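The next block holds one structure in the form of structure tokens; read it before the comments.
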Amino acid sequence: MNREKFQQLLDLHGADLGRWPQAERTAAETVLADDPEMQSLFETTRRADKTVRVASRVPSSGALAAQIVASASRDGERPAFVVTPVRTVLALAGSVGIAGAGYAAAASLAAFVIPGAALDALSVFAAGGFPGAF
Amino acid sequence: LSREETDDDLLRAAASGSERAFGLLVARHIDRVRSIAKGFTGNLADADDIAQEVFLTVWRKAASWEPGAARFTTWVYRITANKCIDRHRRMRLRRWIGLEAVESVLASDDDPERTIAGRGALEIAMRAMANLPDRQRMAIVLSVAGEQSNAEIAEAMGLSVGAVEQLLVRARRALRNETEG
């Protein structure tokens, strides 16, 4: 690994070799052991990363977590039901299924109580009367 | 023993109104969210406000989140990044019209690290952080404090991996220049 590659990986992944691509780590360790200039660059990057960690450090706050949950439980803006594309498709499929089942049940019942000719006429009416229903 | 509930399990339960599940999600992720917000804003009170807004958004939008589309953490960090950047824009406007002193951002929290590490070097470094452009600062904070991979940062910031890599390179070089010597 040359210096340019080492510096590029250092800029991309920071001064924690554990976060570098696995395939590059051994070569990076060799550079670090052999090249004082890259050692210095690595150390400066480590300090810069530490700056970010220190700037980001927060004391633990269980009280804030509890406060957030309490606020959520009082929140009046949460919608009771949210329509998503997946839910819409499922709802339509369910409606079609229920309607289909209803049609089949009605047809079975009609076969028992209505004479054949009348049933044929009724089926034609249903096919024309509810275009696209099924 | 039942298996530990995943973020997806908890979010699904929260979407159905479970405050217990929502509470577990908050407890699991709040410190990381606050940490990212603190790194970006440099101010603990702002970070706490942002964390509240982030989790309230999670609560309100839990039902519209679809498992498999993205990891829960990516979604939460995306909300966090957006809230941070929006808030910072508002603050900059307030400063520009003279409602808030620039110094107050760095002077307003009482982080014990400042006492331990010494104010001088730390403040130079914090100032270097504050001077980074917003997107560079968010990328480096998500990388170091958020421990996110470059691909995850790209997803959270709505950018390509290449764009994130450019931001990280610039941010690290700028911070290195400030911390050198």
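Naming convention: chains lettered A, B, ... in sequence-line order (proteins, then strands); numbering from 1 in each chain. This one's a predicted model, so the numbers in the text were calculated from it and none came from an experiment.
In this structure, B/R34 contributes its side chain and A/P59 its backbone to a donor-acceptor pair below 3.5 Å.
The two residues B/L56 and A/A72 have their closest heavy-atom pair at CD1-CA, 3.9 Å. Nearest heavy atom pair, residue B/V144 against residue A/D49, reads CG1-O, 3.5 Å. In this structure, A/V52 and B/V141 approach most closely via the heavy-atom pair CG1-CA, 4.0 Å.
Interface summary for chain B: among A/E43, A/R19, A/Q67, the most heavy-atom pairs under 4.5 angstrom belong to A/R19. Note: B/G39 leads B/G39, B/A37, B/G23 in heavy-atom pairs under 4.5 Å with chain A. Listed options B/S143, B/A171, B/A47 were ranked by heavy-atom pairs under 4.5 angstrom with chain A; first place goes to B/S143. Chain A forms more heavy-atom pairs under 4.5 Å with one residue of B/L167, B/V169, B/I140 than with any other, namely B/V169.
Distance check, rounded to the nearest 0.5 Å: CG of A/L64 to CG of B/D49 gives 9.0 Å. For the atom pair A/L10 CG and B/R176 CZ, the distance stands at 5.5 Å (nearest 0.5 Å). Taking OG of A/S56 as the start and CG of B/D31 as the end, the distance is 12.5 Å to the nearest 0.5 Å.
By the 4.5 Å heavy-atom criterion applied to side chains, B/F22 and A/I68 are counted as neighbours. For the pair A/H13/B/N150, a side-chain contact is recorded, criterion being any heavy-atom separation below 4.5 Å from C-beta on. In this structure, A/D11 and B/R173 have side chains that are in contact, with non-hydrogen atoms separated by less than 4.5 Å.
Atom CZ of B/R78 has more than 12 neighbouring heavy atoms from other residues, nucleotides or ligands inside a 6.0 Å radius.
Neither the backbone nor the side chain of A/S40 comes within contact range of chain B; no heavy atom of the residue lies under 4.5 Å from a heavy atom of that chain.
A single hydrophobic cluster is not seen to contain both B/I153 and A/L12; linkage of ILVMFWY side chains at heavy-atom distances under 4.5 Å, directly or through other members, places them apart.
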